[in-house]
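Notes for the one structure printed next.
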Amino acid sequence: MAATDLIRLSDPDFFTRDVLTVAPELTGKYLVRQYADGHVQAYLIIETEAYRGEEDKACHASKGCTPRTQVMYEPGGVVYMYLIYGMYWMLNIVTGPASQPQAVLIRAIEGANGPGKLTRTLMLDRSFYGENLCTSDRIWIADAGLNPNIKTSPRIGIDYAGEFWANQPWRFILQPH
DNA sequence: TCATTGATTTCA
DNA sequence: GAAATCAATGAT
């Protein structure tokens, strides 16, 4: 599908809703990237995970506001990037109103089946920290008008957060038709 | 299954 | 300052 067929999500209100509403709605939409040379490419979002507030022990903001997590306290619609295992940048989209630290981790897009591969493919790094998806000319979200079939499952790799949080079905996966 | 890898956080 | 931690990946 050509990028011009997609409708950009430029309304901040889409992102300032609760993360548990936004995360499943992002699956089946398109992550659009405009590279430095002007080339525009749209990627179907396959898989997301929700991280919800300081009470969520799997959310980085559960330990409070730090220089790294600060952007999660902003109103939804900005990008939260972080480095894990010293090697992989993770792409997250901040959601919810101001001072509610929520974010959606983009785990997989069409053609890249892991969050580390995803950011490497799209050439995303810390320079995208705080990028506004509604106004940026480098990265944004677009609606393809799909009505996707979505499956849920527990989140991945957060056993450290304890059984309760590790069992929340806050991972959203696009199912093939 | 295991080594890689470095920013962030925690402890002193 | 120093040490431990870690939401992953690719090679074995």
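All values reported here derive from a predicted model rather than from experimental measurement. To find a chain, count down the sequence lines: A is the first, B the second, and so on, and within it residues start at 1.
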Original post:
In terms of hydrophobic clusters joined by side-chain contacts under 4.5 Å, are A:V40 and A:I109 together?
Top reply: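 A:V40 does not cluster with A:I109.
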Original post:
If you group Ile, Leu, Val, Met, Phe, Trp and Tyr by side-chain heavy-atom gaps below 4.5 Å, do A:F14 and A:V19 land in one group?
Top reply: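 Same cluster.
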[X] has an atom [atom1]; how far is it from atom [atom2] of [N], in whole Å?
X: A:R155; N: C:dA7; atom1: CZ; atom2: P; value: 11 Å
X: A:K57; N: C:dC6; atom1: NZ; atom2: C1'; value: 18 Å
X: A:M90; N: C:dT5; atom1: CE; atom2: P; value: 20 Å
X: A:I158; N: C:dT5; atom1: CD1; atom2: C1'; value: 16 Å
X: A:L105; N: C:dA8; atom1: CG; atom2: P; value: 8 Å
X: A:L118; N: C:dT9; atom1: CG; atom2: C1'; value: 14 Å

Original post:
Does A:R120 make a side-chain N or O approach to OP1 or OP2 of C:dG10 shorter than 4.0 Å?
Top reply: yes
**OP:** Establish, with yes or no, whether the OP1 or OP2 oxygen of C:dA8 is under 4.0 angstrom from a side-chain nitrogen or oxygen of A:R107.
**Re:** yes
Original post:
Can you list the residues that meet the side chain to side chain donor-acceptor pair (under 3.5 Å) rule with A:K57, with sequence neighbours excluded?
Top reply: none
Original post:
Is there a donor-acceptor pair under 3.5 Å between the side chain of A:T16 and the backbone N or O of A:P75?
Top reply: no
Original post:
If the sugar-phosphate is the primed atoms plus P, OP1 and OP2 and the base is the rest, what is the B/S/- string for nucleotides 2-12 of chain B, using protein heavy atoms under 4.0 Å?
Top reply: --BBBSSSS--
Can you give me the closest heavy-atom contact between [X] and [Y], atom names plus distance?
X: A:Y51; Y: A:R155; result: CD2-NH1, 3.3 Å
X: A:D11; Y: A:C134; result: C-SG, 4.1 Å
X: A:Y35; Y: A:Q41; result: CE1-CB, 4.2 Å

Original post:
Could you spell out the base pairing of DNA chain C in dot-bracket, with Watson-Crick or G-U pairs whose two distances are under 3.5 Å, [ ] crossing and | to another strand?
Top reply: ||||||.||||.
**OP:** State, yes or no, whether a side-chain contact exists between A:L91 and A:M81 at a heavy-atom distance under 4.5 Å.
**Re:**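 Yes, close enough: below the 4.5 Å cut-off.
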Original post:
Is A:R33 close enough and on-axis enough to A:Y43, meaning under 6.0 Å and within 45°, for cation-pi?
Top reply: no
